[in-house]
Amino acid sequence: MFPLRTVSDVYRGLKGYRSHGVPPAAQGFTLLEVMIAVSIIALVFVSVFRMVSGTVRLAQAGRFNTLAPVLASQILGQIELDLEDFTQTSGDFGEDQPGYKWTCSISEQELDLDALDFIDKEKSENFKKIVVTVMDNQEERKFEVTTWRYVFEE
């Protein structure tokens with residue numbers, strides 16, 4: 001390996017170094033060497049910062065992708081408890097999950113149930129389409145669940 005040498009070391013190795021009138025105490029790094037070292041350190045810091053911020057973004061996305069289906073099933077459970085009288089169309093999860101909110105829509109749509117012979121044609125209007133969307137507060141990420149439920153007549 002080659003030893004690390006500064007410009008001052010090179011000057012010291014030249015013949016006649018002491019004859020130029022430079023005192024031996026004037027040793028150290030030149031301004032160019034310091035600027036190059038600072039620029040290398042800056043490049044390393046920028047790359048480390050990018051790596052850390054990318055890791056944080058991936059962790060946030062992973063947390064959302066893990067938690068959103070659970071939160072959507074929680075809202076679907078509340079809707080199914082009182083499907084006919086459920087009127088709330090949006091909300092948040094309170095203090096339990098402060099960074100998330102949800103919206104839902106419940107609609108009646110005609111279904112083509114020709115392939116399903118076990119359902120009467122006149123009862124097909126009892127099917128309700130439920131769409132639940134869970135999103136973070138900045139609405140960068142969204143998770144949507146669409147399901148169909150049958151409402152029993154009493």
### Query
Residues sharing Ile41's hydrophobic cluster, by side-chain heavy-atom contacts under 4.5 Å among ILVMFWY, directly or via others?
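Ile41 shares its hydrophobic cluster with Phe45.
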### Query
Do Val44 and Val52 belong to the same hydrophobic cluster, where Ile, Leu, Val, Met, Phe, Trp and Tyr are linked whenever their side-chain heavy atoms lie under 4.5 Å apart, directly or via other members?
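Yes, Val44 and Val52 fall within the same hydrophobic cluster.
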### Hphob cluster co-occupancy, Phe143 + Trp102, side-chain heavy atoms under 4.5 angstrom
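They do share one cluster, since a chain of ILVMFWY contacts under 4.5 Å joins Phe143 to Trp102.
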### Task
Give the minimum heavy-atom separation between Val132 and Cys104, together with the two atoms involved.
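Where Val132 meets Cys104 most closely, the heavy atoms are CG2-CB, 4.1 Å.
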#### Entry: Residue pair Val34 / Phe29: nearest heavy atoms and the distance that separates them
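That would be CG2-CB, 4.0 Å.
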Apply side chain to side chain contact (heavy atoms under 4.5 Å, CB included) to [X] and list each qualifying residue two or more places apart in sequence or on a separate chain.
X      : answer
Leu32  : Thr30, Ile36
Thr146 : Lys129, Val131, Glu144
Ile106 : Ile79, Leu83, Phe86, Lys128, Ile130

Which atom pairs, one a donor and one an acceptor, fall under 3.5 Å between side chains of residues 55-77 and the rest of the protein, sequence neighbours left out?
from	atom 1	to	atom 2	distance (Å)
Thr55	OG1	Met51	O	2.9
Asn65	ND2	Ala61	O	3.2
Thr66	OG1	Gly62	O	2.8
Ser73	OG	Pro69	O	3.4
Ser73	OG	Val70	O	2.7

### Message
Under the rule for side-chain hydrogen bond (donor to acceptor under 3.5 Å, both in side chains), what residues qualify as partners of Gln88, not counting sequence neighbours?
### Response
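side-chain hydrogen bond (donor to acceptor under 3.5 Å, both in side chains) check on Gln88 returns nothing, list empty.
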### Query
Taking only residues two or more places apart in sequence or in another chain, which ones pass salt bridge (Lys or Arg N to Asp or Glu O under 4.0 Å) with Glu80?
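Listed in chain order: Arg149.
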### Task
Sequence neighbours left out, what pairs pass salt bridge (Lys or Arg N to Asp or Glu O under 4.0 Å) with at least one residue falling in residues 88-101?
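Matches after skipping sequence neighbours: Lys101-Glu139.
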